[in-house]
Amino acid sequence: MELLSSSSLRSVHDTLITVRDFVAGELLLELPLSAALTKDSAQALPLIRFLDAEDGRPPRGLPHWAALPDDFVLALQLMHLRSAAPPLACDDDSATHPWLAWLEHAPLQIHGTPHWSDAERQWLAGSHVERRTRAHEARRDELRRTLLEPLRRHDGAFFGGAGYSDAAFADAHALVHAHALTPAERGRILLLPLPLLPLEGGGGARLSLVGATGTLQLHALRPLPRGARVTVDAADFGHATLWIRQGGPGPPPLPRGAAVGTASRSAAVVAAAPSAPADGPLCTLPLELSLDGDGALDGLKELLLGKYRLRADGQPFELTAGAAPPPLLMPFARLVVLQEHDLHLLPPGELPLAPLGPANEEWAFRLVAAAAEAKLAAYPTTLDEDEYSLQNGRVARGSRRHSALVATLGEKRALSGLVSALSASLSAYLRALPTVLPPPAAEAGGASATGATSAASTAAAAVATAAPPAAVRARASRGT
């Protein structure tokens with residue numbers, strides 16, 4: 001591509017490759033912001049008279065320009081460029097030429113889970129990735145129904161052709177989400193007329209917007225050897241975002257034997273360059289808890305939750321594989337199972353950030369464990385089965401089957417790790433309870449002391465005699 005002619009990067013098999021060594025912090029590529037496709041770049045296209053009318057009155061059913069989602073406006077621009085595209089040879093110097101060339105190759109670089117087959121999607125059954133994929137598809141269809149259709153009704157001559165059909169919108173929306181990048185300084189997505197820049201945990205580059213010069217700069221985050229594939233650091237994006245965008249934790253494998261720029265390396269050597277960790281990217285998924293909604297203390301509980309900006313119904317807590325439990329997860333659970341006879345233990349006007357007692361702590365743990373185990377039960381395979389599938393070498397690394405295993409395995413580790421961590425915390429808490437000694441005998445020769453009662457025995461007795469609310473017992477037994 002012409003944009004790479006003066007840089008030390010080359011496009012090889014629709015991926016960017018370094019043609020020399022780079023040190024950490026070195027500039028890989030610099031482009032003017034005007035080279036990118038952003039929401040504001042629609043201002044220069046005929047589309048703008050419908051999206052941001054001079055009289056300030058949008059077409060009936062369409063929100064004001066400021067409220068239009070960026071991905072919708074970007075998709076419209078791609079649809080317009082594709083439908084109005086002249087032959088490339090006729091206008092090689094046109095400002096739109098890089099995008100016309102990009103539109104020829106970009107559709108070949110769509111690998112996200114919305115584009116997997118039904119059989120491949122079954123590998124993700126029960127997973128957070130699959131739920132997020134369905135939500136992504138539902139949002140795409142909602143954009144088409146609520147935004148594109150009003151434009152068609154407003155001007156059928158402009159938006160009624162094949163270039164703005166449902167299929168064309170689905171394709172353009174897919175391109176946006178497969179290729180979009182978000183400079184931290186901008187906080188909004190944009191497209192670059194470059195080969196796919198995959199996001200990757202621990203990726204080798206960072207895209208930034210330099211306000212003083214109005215340029216987009218790609219800097220190396222770590223040393224990159226000659227022949228390395230350029231990936232952008234995924235930062236705090238969870239694994240579901242990466243799977244929807246690109247179908248996995250990093251770039252797809254290069255074709256076997258592919259040459260790398262001016263280097264004579266094979267694809268196997270390139271694959272050995274620093275890449276994603278073997279276990280994949282940061283794996284995060286939500287665990288939802290709710291109040292029972294049928295207890296005498298519900299009003300008080302909802303008041304306390306509102307103080308901490310927590311929802312009483314379906315409050316999500318983000319779990320991360322290998323990380324500590326969310327700090328407000330157990331306080332929320334303690335409040336859910338709190339009974340009237342333990343109300344005096346609750347700190348005035350505060351969530352129970354510390355255990356209130358052995359019985360309450362035991363039932364809070366059971367509530368959280370039941371919710372986690374219900375999610376684990378929704379997967380068609382167990383954690384051990386997934387571990388074995390990855391370790392026996394029968395699943396090709398880089399395949400969609402392997403990618404699905406990495407996604408579901410990370411989620412299962414997060415859920416099972418949560419239960420293990422909370423179980424260990426509960427055991428440590430019960431062991432730390434003070435030992436209770438019986439009173440001394442009333443008189444000599446009377447009943448002898450029965451000995452010290454262990455903290456664990458005392459806690460077990462307290463749990464056994466303190467029944468939780470019926471709704472909590474039922475929910476814990478159902479695992480919901």
Pairs where residues 173-186 contributes a residue and the test salt bridge (charged side-chain N to carboxylate O under 4.0 Å, His left out) is met, not counting sequence neighbours: E185-R206
T18 side-chain N/O to A228 backbone N/O, donor-acceptor pair under 3.5 Å: yes
Close side-chain approach of L199 and R245, heavy atoms under 4.5 Å: yes
Ring geometry between F50 and F158 (parallel below 30°, tilted from 30 to 60°, perpendicular above 60°): tilted
Sequence-distant partners of F22, ring-ring contact (aromatic ring centres under 6.0 Å, His included), two or more places apart: none
Ion pair D233/R222, N-O distance below 4.0 Å: no
Check: L287 and V368 side chains under 4.5 Å, non-hydrogen atoms: yes
Student check: side-chain heavy atoms of E120 and T113 closer than 4.5 Å: no
Flag, side chain of K375 to backbone of G126, donor-acceptor distance under 3.5 Å: no
Worked verdict on I189 versus V176 for side chain to side chain contact (heavy atoms under 4.5 Å, CB included): CA-CA 9 Å; I189 62 172; V176 170; 4.1 Å; yes
Side chains of W243 and S403, donor plus acceptor under 3.5 Å: yes
Audit row: T382, K412, side-chain hydrogen bond (donor to acceptor under 3.5 Å, both in side chains) steps and yes/no: CA-CA 8 Å; T382 66; K412 293 170 188 176; over 6 Å; no
Whether H128 and H239 hold their rings parallel, tilted or perpendicular, with breakpoints at 30° and 60°: tilted
Backbone of P225 reached by a side-chain donor or acceptor of D21 within 3.5 Å: no
Donor-acceptor under 3.5 Å (W123 side chain, L405 main chain): no
Donor-acceptor contacts under 3.5 Å from residues 418-430 side chains, at least two apart:
from : atom 1 : to   : atom 2 : distance (Å)
S420 : OG     : S416 : O      : 3.1
S425 : OG     : A421 : O      : 3.1
S427 : OG     : S423 : O      : 3.1

Minimum side-chain heavy-atom gap L415-E373 below 4.5 Å: no
Check against salt bridge (charged side-chain N to carboxylate O under 4.0 Å, His left out), E137 and R134: CA-CA 5 Å; E137 293 169 329; R134 291 198 302 267; over 6 Å; no
Within residues 322-332 or reaching into it, pairs that qualify as salt bridge (charged side-chain N to carboxylate O under 4.0 Å, His left out) - sequence neighbours excluded: none
Donor-acceptor pair, side chain of Q43 and main chain of D52, under 3.5 angstrom: no
Taking every non-hydrogen atom, the tightest pair across A36 and L192: CB-CD2, 3.8 Å
Set of ring-ring contact (aromatic ring centres under 6.0 Å, His included) partners for H177, sequence neighbours left out: H136, H173
Under 3.5 Å: donor-acceptor pair, side chain of R152, backbone of Y164: yes
Minimum-distance pair of heavy atoms, taken over all atoms of L74 and L37: CD2-O, 3.4 Å
Nearest heavy-atom neighbours spanning L147 and P69: CD1-CD, 3.7 Å
R229 to I17 - nearest heavy-atom pair and separation: CG-CD1, 3.5 Å
Note: D71-R139 ion pair, threshold 4.0 Å (strictly below): yes
Expected output: side-chain R188 to main-chain T38 donor-acceptor under 3.5 Å: no
Parallel, tilted or perpendicular: ring planes of F72 versus F169, cut at 30 and 60 degrees: tilted
Flag side-chain contact, heavy atom, 4.5 Å: V73 against Q77: yes
Donor + acceptor pair across side chains of S208, Q217 (<3.5 Å): no
Polar side-chain atom of Q391 near backbone of Y388 as donor-acceptor pair, under 3.5 Å: no
Worked check of side chain to side chain contact (heavy atoms under 4.5 Å, CB included) between E26 and H219: CA-CA 6 Å; E26 190 173 355; H219 285 90; over 6 Å; no
P46 side chain near H80 side chain, heavy-atom distance below 4.5 Å: yes
Pairwise side-chain contact, P195 with H105, heavy-atom cut-off 4.5 Å (strictly under): no
Please list every donor-acceptor pair under 3.5 Å in which a side-chain atom of residues 312-337 meets a protein atom from a residue at least two apart or in another chain.
from : atom 1 : to   : atom 2 : distance (Å)
D313 : OD1    : S290 : OG     : 3.3
Q315 : OE1    : R311 : N      : 2.7
R334 : NE     : E361 : OE1    : 2.7
R334 : NH1    : P352 : O      : 2.9
R334 : NH1    : L353 : O      : 3.1
R334 : NH2    : E361 : OE2    : 3.1

Test item: side-chain donor near acceptor, T408 and S127, under 3.5 Å: no
pair E30-L218: side-chain heavy atoms closer than 4.5 Å: no
Near-ring test H111/W116, centroid separation under 6.0 angstrom: no
Partner of L191 under side chain to side chain contact (heavy atoms under 4.5 Å, CB included), chosen from L78, L175, L181: L78
